[in-house]
Amino acid sequence: MSVRVRYAPSPTGEPHVGNIRAALFNWLLARHEGGTFILRIEDTDQARIVPGALEAIFDSLRWLGLDWDEGPEVDGPHSPYFQSQRLEHYHQASEQLIAADAAYRCYCSPERLEEVRAEQMRYKQPPKYDRRCRKLSPGERREREAEGIAPVVRFKTPLSGQTTFHDLVRGDVTFENDTLDDFVLLKSDGFPTYHLANVVDDHLMGITHVLRGDEWVSSTPRHVLMYQAFGWQPPVLAHLPMILGPDRAKLSKRHGDTSILQYRDKGFLPHALFNFLGLLGWSLDDKTEIISRQDFVRHFSLERIVKNPAIFNIEKLTWMNGAYLRELGLDELTEQLAPFLEKHLPADISRPIDLPYLRRVVPLIQERIKRLDEAPELTDFFFREGELTYPTEHLLGKRFVDQPQQAAEALAAVRERVAALDRWDEENLENTIRPLAEELGLKTGELFGAIRVAVTGRTAAPPLFETMAVLERERCLERLGAAIARLRGV
RNA sequence: GCCCCCGUCGUCUAGAGGCCUAGGACGCGGCCCUUUCAAGGCCGAAAUCAGGGGUUCGAAUCCCCUCGGGGGCACCA
């Protein structure tokens, strides 16, 4: 039978790293097996739905290149893929369980449940529903019904025995049934809980493998019990190790950026994030770090998923992103960079950015950035028209401390020599300036340093001659002139 | 409190009884390259394989216990 897996987020916010990692593994399994990747929206909690969250889910998946074969927008044989539009199925399933004496209606008020829980906590007992309505007589049942209380439907969990399931990553896991309680299947507003909806839909949609986060293992026995009560074959289960924050707690908003879209906005490349996330809990072998999407698909296997949780290591992600950035073609990188420059370059720099010009500065920063959003800060002097801002001491460096006049003379010599160039390119610039250093009795580094500051305003910048070539003659002469004037004014 | 899971360098991991005096990567330190900054290359520090018992000729690998960490225990997913 062909593999059918699903990613089933609830639209309660932007998908975060752990969540999308589960989506990634499901997608990889589907693609590796030539199976089907399904997107299903679990919008059964009316109160928690966040506007825009749905779009964020689509954007996150698309940005990472995780295309779904069935689901919203593409539709499919099991449409609709929104649980809020599948209520009949859950109602029917719930009736089926009630008829089979595997579920019952419960009329207890939320207040009473809260009291029961509080009481149990007080005596250090595990908080569990006390099953009051499970034992209701037909008469009592009719009474509640007559009061017009909207009931919930609860699952009739076996009071004894144990439930074992086989997990592909963890092996057999066993729970004592008496540690489980009669959980809710259908809420009083007529919507199903996750437990019901997920089991019903996984069955109806023919899901063969459920790969989800480790936080779900404790509710898995409930699901297994439900499959048994329905007489259905449960899917293969595999619980993925969780992704932790630096404090080893489950990764969450308080650890900072956890939304996939935030990583996009910070200038991470989708392939880099894909690669990084794919290596969180899975590995190809003992040495491979950079893995193409094709190779991930080719080699992905459930057997190589590890059990232990992983701390999200942003440093390594950043390194990996730099590696991917360096592999990008000139046009591709230029295109990626443009929006970041448009957005983050100082406001006084005129827009739109000149793309052919940008294309010339890109090679100068390609191996100097690890994230796209670092580019504006590194390149603003390439785009700035007026005077540069920098401390005059930088012009002096170590060599010219207390000798601004000497520095001015050196720069003036450079300016004069370079102004006479018939062709303003890297080679000519270097062939002119390098010998001049010796002529002036300066070390190349000393002279170049002063020029660098004059021309870029920075002590650290891309290679000098390439930089000057890109900046063009006019801008360089002007900046050299400004620096000389500054030094003479001191 | 109860249940479940996990435990190899700081971090991600390789390791499925002898190949391990434990390998790779990030990060860190040094050196080389070099006009600065990067990138790159080389070298290095860094794990008594959580601890303790077994099993075995032999254990990071199998078993047990302890400790530590995490997750779950809603009319949320």
Side-chain angles (χ1 to χ4, degrees), chain A residues 8-12 19 42-45 47-48 106 108-110 113-114 117 120-129 150-154 167 170 173-176 178-181 183-189 191-195 197-198 213-221 239 241-242 244 246 248-250 276 279-290 303-304 306-320 322-323 326 364-370 378 397 430 433-434 437 443-449 451-453 456 458-465:
Chain A
S10 66
T12 51
N19 209 260
E42 309 225 326
D43 53 352
T44 55
D45 186 350
R48 294 209 313 156
C106 166
C108 294
S109 67
L113 296 177
E114 192 41 58
R117 242 190 315 271
Q120 289 162 332
M121 296 296 248
R122 201 155 42 241
Y123 290 97
K124 303 230 183 251
Q125 296 294 311
K128 290 195 300 188
Y129 174 55
V152 302
V153 174
R154 285 180 185 275
D167 186 295
R170 264 147 241 286
V173 182
T174 302
F175 286 78
E176 294 295 329
D178 65 10
T179 63
L180 273 26
D181 70 348
F183 55 96
V184 173
L185 298 173
L186 212 55
K187 300 180 257 184
S188 58
D189 64 0
F191 279 74
T193 58
Y194 169 81
H195 304 301
N198 135 80
D214 208 24
E215 65 267 36
W216 293 105
V217 327
S218 54
S219 44
T220 304
H239 287 94
M242 297 206 304
L244 275 26
R248 302 202 153 273
K250 185 174 169 179
F276 179 74
L279 250 21
L280 238 37
W282 183 87
S283 62
L284 176 60
D285 55 28
D286 58 345
K287 49 177 68 73
T288 314
E289 302 288 343
I290 303 291
E303 292 70 45
R304 289 191 65 81
V306 298
K307 303 177 203 293
N308 44 309
I311 292 173
F312 189 85
N313 186 188
I314 187 98
E315 310 258 82
K316 184 158 180 177
L317 202 212
T318 304
W319 161 76
M320 192 172 275
R326 271 169 256 133
L364 303 190
I365 60 161
Q366 181 154 21
E367 61 189 34
R368 291 176 175 75
I369 55 173
K370 288 189 165 131
L378 247 46
E430 178 154 14
I433 298 175
R434 197 176 281 279
K443 287 189 194 162
T444 49
E446 294 166 349
L447 213 219
F448 296 178
I451 304 172
R452 176 175 300 108
V453 173
T456 69
R458 314 278 170 100
T459 49
L464 186 58
F465 306 116

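Below, chain A is the first sequence line, B the second, and so on; all start at residue 1. If you're wondering where the values come from, they're calculated on a predicted model, not measured in any experiment.
- At the heavy-atom level, A:F183 lies nowhere under 4.0 Å from the strands shown.
- In this structure, A:M320 reaches neither bases nor backbone, as no heavy-atom distance under 4.0 Å exists between it and the strands shown.
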Let's go through A:R434 and A:T444 carefully: what are the C-alpha distance in whole Å and the side-chain angles of both, what is the deciding distance for side-chain hydrogen bond (donor to acceptor under 3.5 Å, both in side chains) to 0.1 Å, and is it a yes or a no?
CA-CA 7 Å; A:R434 197 176 281 279; A:T444 49; 4.5 Å; no
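- For B:G1, the base has no donor-acceptor partner in the side chain of A:Q120 [N/O atoms by modelled type, under 3.5 angstrom].
- Relative to the side chain of A:R304, the nucleotides B:C75, B:G15, B:G24 differ in distance, and B:G15 lies closest.
- Between B:C73, B:C12, B:C75, one nucleotide has an atom nearer to the side chain of A:A310 than all others, and that is B:C12.
- Taking the P atoms as reference points, B:G69 lies 23 Å from B:C64, given to the whole Å.
- Electrostatic pairing of A:R170 and A:D214 counts as a salt bridge here, judged by a charged N lying under 4.0 Å from a carboxylate O.
- With a cut-off of 3.5 Å on both Watson-Crick or G-U wobble distances, the partner of B:A45 is given as none.
- When heavy atoms are screened at a 4.0 angstrom cut-off, A:T174 is found touching the sugar-phosphate backbone but no base atom.
- A parallel orientation is assigned to the rings of A:W216 and A:Y194, their planes being inclined by less than 30° (bins at 30° and 60°).
- Across all strands shown, B:C2 forms a Watson-Crick or G-U wobble pair, both distances under 3.5 Å, with B:G72.
- Residue A:P192 is classed as a sugar-phosphate contact, given heavy-atom separations below 4.0 Å to backbone atoms only.
- With both pairing distances under 3.5 Å, B:A60 is matched to nothing as a Watson-Crick or G-U wobble pair.
- If you take CD1 on A:I290 and CG on A:L279, they are separated by 8.5 Å, rounding to the nearest 0.5 Å.
- With B:A38, B:A14, B:G71 as the candidates, the nucleotide lying closest to the side chain of A:K250 is B:G71.
- Between A:R48 and B:A74 there is no side-chain polar atom (N or O) within less than 4.0 angstrom of OP1 or OP2.
- For the pair A:H195 and A:R368, both in contact range of RNA chain B, the more 5′-proximal nearest nucleotide belongs to A:R368.
- Side-chain proximity of A:K307 to B:C6, B:U13, B:G70: nearest is B:C6.
- In this structure B:G7 sits in a base pair with B:C67, meeting the Watson-Crick or G-U test at under 3.5 Å.
- When each of B:G1, B:C75, B:U35 is scored by its nearest atom to the side-chain atoms of A:V184, the top-ranked nucleotide is B:C75.
- B:G54 and B:A59 have their P atoms separated by 12 Å, with the value rounded to a whole Å.
- For A:E215, taking side-chain heavy atoms from C-beta onward, the closest of the listed nucleotides B:G1, B:A39, B:G71 is B:G71.
- Within 4.0 Å of A:T179, counting heavy atoms only, lie sugar-phosphate atoms of the nucleic acid but no base atom.
- The side chain of A:I311 lies closest to B:C12 when the candidates are B:C12, B:G27, B:A14.
- When Watson-Crick and G-U wobble pairs are counted only if both distances are under 3.5 Å, B:G40 pairs with B:C32.
- Nearest-nucleotide assignment on RNA chain B puts the 5′-proximal partner with A:K124, out of A:K124 and A:S219.
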